[in-house]
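Quick note: numbers below take in every heavy atom, side chains included, and nothing from hydrogens, waters or symmetry partners. By convention in this document, chain letters (A, B, ...) are assigned in the order of the sequence lines, proteins followed by strands, and residues within each chain are numbered from 1.
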Amino acid sequence: ETGVTQSPTHLIKTRGQQVTLRCSSQSGHNTVSWYQQALGQGPQFIFQYYREEENGRGNFPPRFSGLQFPNYSSELNVNALELDDSALYLCASSWGQGPSTDTQYFGPGTRLTVL
Amino acid sequence: AQTVTQSQPEMSVQEAETVTLSCTYDTSESDYYLFWYKQPPSRQMILVIRQEAYKQQNATENRFSVNFQKAAKSFSLKISDSQLGDAAMYFCAIGTRSGYGKLTFGQGTILTVHP
């Protein structure tokens, strides 16, 4: 069984740039959730994708957007990067049929630094 | 909206001893799930234990057990026979069926294990 993978591991960008982070879900999972974790804080929910559609969204601006592909992998895109976007971005996968609280399994994260 | 409070920023325990990490939560939902996740310095969030709110029996996973007090909205984690590998940041989290799989996390408790 393959776990959740994320790429890249680390990323450094400049304010105003755009970034794409990638996530491959655990085998057998069809739902992907994204979280932002600032240093020393708990993760904050960004959004969830199910059947290639956004299934729920946290308190993040529209410049945070995502995609889910037919193989259930997902991308997180952030436009017009700001310094406060520097964080660890976590992807989690689960199996569900629409809104659910099936256990989410996390990837190792992507550390984004915005200068 | 859900809130999760972890009132112990740091805890320490001697190897082979028992430690309890505290968590309180608030929700108006009746169908919810509670989790403890562990995040070692490697950053990957690892599921420790899950508790369904409708179950009266406390969940147990090997050396890890919870004390779920639904009326008090308390969900503590007990680690027995602590091992050096238990050292990590521990997060308490809640998810609700109406919340599209969104997990709300506490601020975390750093656990140090002394040999």
Side-chain heavy atoms nearer than 4.5 Å, only ILVMFWY residues, links allowed to pass through others: does that put A/L83 and A/L11 together?
yes

| query | Tell me, do B/R43 and A/T9 make a side-chain contact under 4.5 Å, heavy atoms counted? | reply | yes

Greatest number of non-hydrogen atom pairs under 4.5 angstrom with chain B, of A/G40, A/G107, A/S33, A/G56, falls to A/G107

In terms of heavy-atom contacts, A/T103 and B/Y37 come closest through CG2-OH, 4.2 Å

* Asked: Does a side-chain heavy-atom distance below 4.5 Å link A/F45 with B/T104?
  -> no

Okay, A/Q37 and chain B: the region with an atom under 4.5 Å from a heavy atom over there is side chain

request  = Consider only side-chain heavy atoms of I, L, V, M, F, W and Y, link residues closer than 4.5 Å, and tell whether A/F47 and A/Y105 are in one cluster.
outcome  = no

Any non-hydrogen side-chain atom of B/Q39 less than 4.5 Å from a side-chain atom of A/L88? yes

With a 4.5 Å heavy-atom cut-off, do B/F91 and A/P43 have their side chains touching?
yes

Would a single hydrophobic cluster contain both A/L112 and A/F60, if residues Ile, Leu, Val, Met, Phe, Trp and Tyr are joined by side-chain heavy-atom contacts under 4.5 Å?
yes

Is the count of non-hydrogen atoms from other residues, nucleotides or ligands lying under 6.0 Å from A/K13 atom NZ greater than 12? yes

B/I79-B/L84 co-clustered via ILVMFWY side chain contacts under 4.5 Å
yes

B/Q44 side chain to A/G109 backbone, donor-acceptor under 3.5 Å: no

**Item:** More than 12 heavy atoms of other groups within 6.0 Å of A/N71 CG
**Value:** yes

Taken to the nearest 0.5 Å, the spacing of B/K102 NZ from A/Q44 CD works out to 8.0 Å

- Query: Any chain of hydrophobic side-chain contacts (each under 4.5 Å) joining B/L103 to A/L76?
  - Reply: no

